Every structure is written in structure tokens, then in C-alpha cells.
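This chain uses plain numbering: 1 for the first residue, then up along the sequence. The structure presented is a predicted model; accordingly, all values stated were derived computationally and were not measured.
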Amino acid sequence: MHNHSPVFYRDLNAVPPAIVRGEGSYLEDASGRRYLDASASAGVVGIGHGRSEIWDALAAAGDKVTFVYNATFTHPWQEELAGRILAMAPSNMAGVYFTSGGSEANESAWKLARQYFVERGKPQKYKAVARWLSYHGVTLATLSLSGRTSWREIYSPLLLPVARVAPPYEYRCRICGGGRCTLACADDLERTILMEGPETVAAFFAEPIVGTTAAGLTPNPGYYRRIREICDRYDVLFVADEVLCGYGRTGHPFAISGWDVAPDIVTLGKAIGSGYAPLGAMVVSEKIREVFAAGSGRFVHGLTYSGTPSACFVGNRVHEIMSREGLFTRGAEIGRYLEAGLRALADRHPAIGDIRGRGLLWGVEFVEDRETRRPFDPKVGFTAKIVGHMRVNGILVAAGIPGINHGQGGDHIQISPPFTISESEIDVLLDGLDEALKRYGSVPA
């Protein structure tokens, strides 16, 4: 039965609870019920809910923060935030282009990669390569990049052609022999570039750590070094999509720094505005900036709300809070506590097949048989049962997207709490997952 709300919800059969307040790691709905937000509301909220100092600062700024169209003017908050981002970015980064979110950032990156090669006199290089079990956004272009099969299906006639390579998925790897990672998944990029024609490939997109499409999937320590070598060999730009995993979530300001590799473009979103403003960014390298500066000098692209003053003002306040409270690096320390707790749960619950991640981005994959890694039958709805049980008990985790088992089902959850979460709150999360697994982990109900 359809509801009669004036809002066109994703699910027209149900009106979601109305959240009226947030504080720290908790949300409160209109009935007064509290939820531990262990997913940070889709991985967005880094600094925690209810930071009223942000709104106080915006109110105090008064008429100084007014709309500015970025094709005509700049303003101090855009300049300040760009400088702050570059100060902690990989050393080869030299420019920031602001967007309203991650999808726009990745679409901007694909367009920038195309124009970069046009500026260099290589207009035949336009193709993008991405990975299966990935997600880069919801626009048609970024969904084309994404290897999230369940979201692509309905729009497949509209999507752009994108070559796709194997993900670095060690738990279910089908291309390395002998149970030892040989980085064959990275070498699959070289094979694909050669098959497509190196003269036609412009960019390779990858999330350093994958989100809900393959929650917490973290590559081998040598993976991105091999990717960087392949991209350099064939003159392909490496785009690191850090919309979810970046801006402190892994315990580094930039997640790719954990592999000691410098990409050509980094895209940001979610935690950069922490839910207090719709904000994303594309960070570009010096070599790209130099090509544009020596060429046309113009990026043929434009977004009405690129660098809008109110969003950048909020972004600066978020950055100040994160810097003052050590939140850009706190994820590394508190993440070890979360990891230890998850691994202790795995020792007690055979339904946990794999735990993977870094910092405050973790995935837990569930299996019916741990020895064979056989997933639950999709009809069981195991993930929905775990997530639903935890929600009933006031704990929010993100349900992983179906299809992780090479498109044939598979169950997993994403745990990605605010960077401010305490050890005692992590204990609440772990106890909630423990209880749900006791209820459903042995014999599916």
C-alpha cells in the first residue's frame, strides 16, 4: 500500500522514520528512539552528529556567505579549503575542483581525463577502465564506471561502454593459483589495456578500499604499486575514488597513502562535508595542471554549485574540527579496537567467512559453510535478517549490495561509524552483531 507523503521516496511502500536529532554517534527519531549510527549514514558523517558550532559559525558569518557563481567569481572559503586539502594530499597534487558530491566528482574526473589527452594531442584516448564489484556514482556516466551489477541492470541500455577488470578480492579469487596472491588481478589491467588498445585508454578508476558493493575489500600491499606501474607504462591516468574511504576514514587523510602510491586524480565526498553540507571534490596532480596551463587553459565543464560558498564554509569548519580533534588519523587507532572485536566474533561464529578493511571501514562477509566458503542461498535473506535484527535493537549497519559472490548472491555488511565513535560504543555495536548472529547464524530462520 502506497503512502501519501509528498516526498517521492526510494520505496513508496513505506515512510521511513523521521530523525529529529543527532548527537555524536547517535540519531534520535520523532518517537524518541535512539540508534547507534554504526554506518555513519552511508559513510558520510565523520565528525559526529549534532555539531552545533558549525551552524553557529555560519549564522555569525551573516551576509558574507552569499551565493557566488564559480565561472565568474571566487571567494575566500573556496580558496582556503582547497589550500587545506592540498596541504595534506599526496605531494604531487596541485589543484582542487569542488562538486556537490561524489558522483559529480567522478564524472568530472572522467571528463578531465578525456580533455587532458585532447590537450596533449592524443584525442583517440578516451576510454575508461574500472573494476567489477565497484561503485563510482549514480549518474549514467559514473554508473557506467561502476561494477555494481544489481544497480546497472535496469539502466543497461543507457550506460556507456566501460572495460572492466577483476577486483582484488582475495577471499573469492578465481585467477590466482595455489591460494597465494600473485597480483594477477592487477595484471588484468594490463591485459585489458592491451586488448582495448593502449592508444585509446585514458583512465583507470578504483576505490582504494571498496564500500557496500564489496564491503571493506582491501587489496594486497603490492597491488597499487603494480597498478601505478601499469598506468605509467601505457600513459593511463590513475583515478583513486576516495569518496567513501578517504578524508580520514582509514586513518590517513588520503586512503591511497596507505599503499605509498600517488594517483593522478583523487575524488572526495561524504566526510569532506560530514553531512553538514553537500560537498565533494576532485583533486588533480601537477602534471595535469601543467598540461592545461600550457594548452587551452580551460576545463570545458561546469557545475552550478561547484565551490558554492556555504558548502565550502562548512567544509572549512569540518576540516578545523577534524584537525583539532585528530580525526584525520584517529581511525587507525580506534579501528584496531574495532578489528580486534570483529575477529573475536569470527572465532565464535562460523557464519562469519571473512573480515576485511582498514581504520573505520570494515566489511563482514557471511557464509553458510566456512570451510567451502559457500554463501547462503539468496532466498534466505541472511544480510537482511542481520541488519534488521540490529536495527530493531537500535544499531544501524549498512547492508552490502547483493552479488558479491561473482554476481551469484553473497551476504555482507559494511561497518563505517563516525570517526568520533568511542570504544564503549564499539562494544555496543559488537554486542549487537553478536546477538544477531546468535539468532540467525546457525540455522537460518
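When the shell of 6.0 Å around OH of Y155 is examined, it contains 12 or fewer heavy atoms from other residues, nucleotides or ligands. More than 12 heavy atoms of other residues, nucleotides or ligands sit less than 6.0 Å from atom CZ of R164. Counting heavy-atom neighbours within 6.0 Å of R324 CZ, excluding the residue itself, gives a total above 12. Around CD of E286, the count of heavy atoms belonging to other residues, nucleotides or ligands within 6.0 Å exceeds 12. Surrounding NZ of K287 are more than 12 heavy atoms belonging to other residues, nucleotides or ligands, all under 6.0 Å away. Within 6.0 Å of atom CD1 in I154, 12 or fewer heavy atoms from other residues, nucleotides or ligands are found, so the atom counts as exposed in its surroundings. In D260, the CG atom is not crowded: 12 or fewer heavy atoms of neighbouring residues, nucleotides or ligands sit closer than 6.0 Å.
A side chain to side chain contact (heavy atoms under 4.5 Å, CB included) with Y247 holds for exactly one of M88, H252, E242, K270; it is M88. For the pairing with K438, the side chain to side chain contact (heavy atoms under 4.5 Å, CB included) check across H389, H349, R348 returns one residue only, H349. The ring pair (Phe, Tyr, Trp, His ring centres under 6.0 Å) with H319 is formed by just one residue from the set W77, F328, F313; it is F328.
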Anything under 3.5 Å between a donor and an acceptor, one on a side chain of residues 89-96, the other on a protein residue two or more places apart or in another chain? List them.
unit_1: N92; atom_1: ND2; unit_2: P263; atom_2: O; d: 2.9

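Ring pair Y169/W132: centre-to-centre distance not below 6.0 Å.
Note: Y224 and F238 have parallel aromatic rings, judged against thresholds of 30 and 60 degrees for the angle between ring planes. Ring geometry for F299 versus Y97: interplanar angle over 60°, hence perpendicular rather than tilted (30 to 60°).
For the pair R330 and F419, the NZ or CZ position fails the cation-pi test of under 6.0 Å to the six-membered ring centre and within 45 degrees of the ring normal. Both the sub-6.0 Å distance and the 45° axial angle are satisfied by R358 relative to the ring of W259.
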Test side-chain hydrogen bond (donor to acceptor under 3.5 Å, both in side chains) applied to D427 and Y337, step by step: CA-CA 9 Å; D427 289 339; Y337 185 84; 2.7 Å; yes
CA sep, side-chain torsions, deciding dist, call: E339, R343, salt bridge (charged side-chain N to carboxylate O under 4.0 Å, His left out): CA-CA 6 Å; E339 179 186 7; R343 297 202 182 281; 3.0 Å; yes
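Applying the salt bridge (Lys or Arg N to Asp or Glu O under 4.0 Å) criterion to E365, with sequence neighbours excluded, gives R172, R356. Residues forming a salt bridge (Lys or Arg N to Asp or Glu O under 4.0 Å) with E435 (at least two apart in sequence, or on another chain): none. Take A186 and apply the side-chain contact (heavy atoms from CB on, under 4.5 Å) test, not counting sequence neighbours, and it matches L183, Y223, R226, I227. Not counting sequence neighbours, the partners of T192 by the side-chain contact (heavy atoms from CB on, under 4.5 Å) test are V129, A163, V165, D188, E196. Looking at residues two or more places apart in sequence or on another chain, you find a side-chain contact (heavy atoms from CB on, under 4.5 Å) between S25 and L36, P418, T420, I421, E425.
Residues E170 and D354 fail the side-chain proximity criterion, which asks for heavy atoms closer than 4.5 Å. Side-chain contact check for S108 versus T99: some heavy-atom pair is nearer than 4.5 Å.
Taking each heavy atom of R228 and V236 in turn, the nearest pair found is NH2-O, 4.0 Å. For H75 against C312, the heavy-atom pair with the smallest separation is CE1-CB, 4.0 Å. The two atoms that bring R249 and P417 nearest to each other are NH1-O, 2.9 Å, heavy atoms only. The minimum heavy-atom distance linking P309 with T66 is given by the pair CG-O, 2.9 Å.
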